[in-house]
> 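Here it is: the structure, laid out below.
Every chain is numbered from 1, with letters handed out A, B, ... down the list of sequences. Heavy atoms only: backbone and side chains are in, while hydrogens, waters and symmetry mates are out.
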Amino acid sequence: MSTLIEQLKGQIIQELNLVDLQPADINPDAPLFDYDGLGLDSIDALELTVILSKYYGIKVTDPAQMKKAFFSLATLAEFIAEHQSAPVAA
Amino acid sequence: MIELWYTPFGLAALPPMVLAGYLARLPPAWQQRVLACRRPARQQATLFGALLLQHALSAQAEPQLLEHVQRTPDNRPYLPGSEIDFNLAHSGGYVACALSTTCRVGLDMEYRAPKSIRAFRPHFRSAEWAAIMAPRTDTLQQFYNLWTQKEAVAKADGRGLNIPLREIQIQHRQALLAGTHWHVREVWLPEAAAYTLHVASSQPEALTPLRQVSFPILSSNPTDHYPLISYRSA
């Protein structure tokens, strides 16, 4: 799981263009969307669905159903581990 | 009437004394909220959003209401028992505020960052996507145009991203969501052509011009209104 979390940190920084962050800055348990976490916004939520599709082959059409999985990096990694059928080449 | 305000801010961390000077203008709960922000840009968006809302409330002769802002379970800020409805939006180096005493309001602003938009297709209805992809259309501009309209409606409604955006139907500056009509207007950010900003409202109230507010740097001295919560490093 820790490898997946480290992978996700890099993918989120790259795909969401979070140029002010290093992977070490991201606490896996911090909220992704709240002001006291990464402070991501609504477009970022949809970018996360793109990451799920592009890197993990998981199709999400409705971010509204992802509230629990999108809470933190750790919950997102858990969701991926549960739903990924096969690794997808980046 | 819908009052509109905005302010620019920097993306780098503020020097501690400057931050302390700004924080001293805010009630303790807002100070804590600003200090809890881990990313400098997010911290400034939260700080200047609070100052902007305080300014907008001052224009209603109600600056003290900032202390009474609460949040719904879907995290929409509101003023319990007040006729004032407001909404804040930030993107890049700007934050904006809409406030009305006569209708419900939602605001969304986005910097038109270049991005591959095909993955966003499921969130638009067929006619909307056709408008985005139409020949001789600035695809990115049209994408953000429709996106900010939907998001403004979702914020006015109050459920935000808990509403599947596909359920918000945009047509000719009107939006339809679950049988409710919303009025949607575009607002120009005078000095920032690369941003798209839309206001959604429950009534076709007139909009004021979008007015810029500047917040001069203040020191945290004893004349300030609120006790200052100690600054801590992020």
> Under 4.5 Å, counting heavy-atom pairs only, tell me which of B/R39, B/E151, B/R166, B/R159 racks up the most with chain A.
B/R39
> Quick one: does B/S202's side chain get under 4.5 Å of B/W182's, heavy atoms only?
yes
> Counting only heavy atoms closer than 4.5 Å, note whether A/I43 contacts chain B via side chain, backbone, both or neither.
both
> Over 60° means perpendicular and under 30° means parallel, so tell me whether B/F215 and B/F48 are parallel, tilted or perpendicular.
tilted
> Please look at B/R33 and chain A and tell me whether the side chain, the backbone, both or neither of the residue comes under 4.5 angstrom of a heavy atom of that chain.
both
> Could you walk me through whether B/F124 and B/F143 pass the ring-ring contact (aromatic ring centres under 6.0 Å, His included) check?
CA-CA 10 Å; B/F124 292 89; B/F143 165 77; 5.7 Å; yes
> Please list every donor-acceptor pair under 3.5 Å in which a side-chain atom of residues 22-34 of chain A meets a protein atom from a residue at least two apart or in another chain.
{"residue": "A/D25", "atom": "OD2", "partner": "A/Q22", "partner atom": "N", "Å": "2.7"}
{"residue": "A/N27", "atom": "OD1", "partner": "A/D29", "partner atom": "N", "Å": "2.9"}

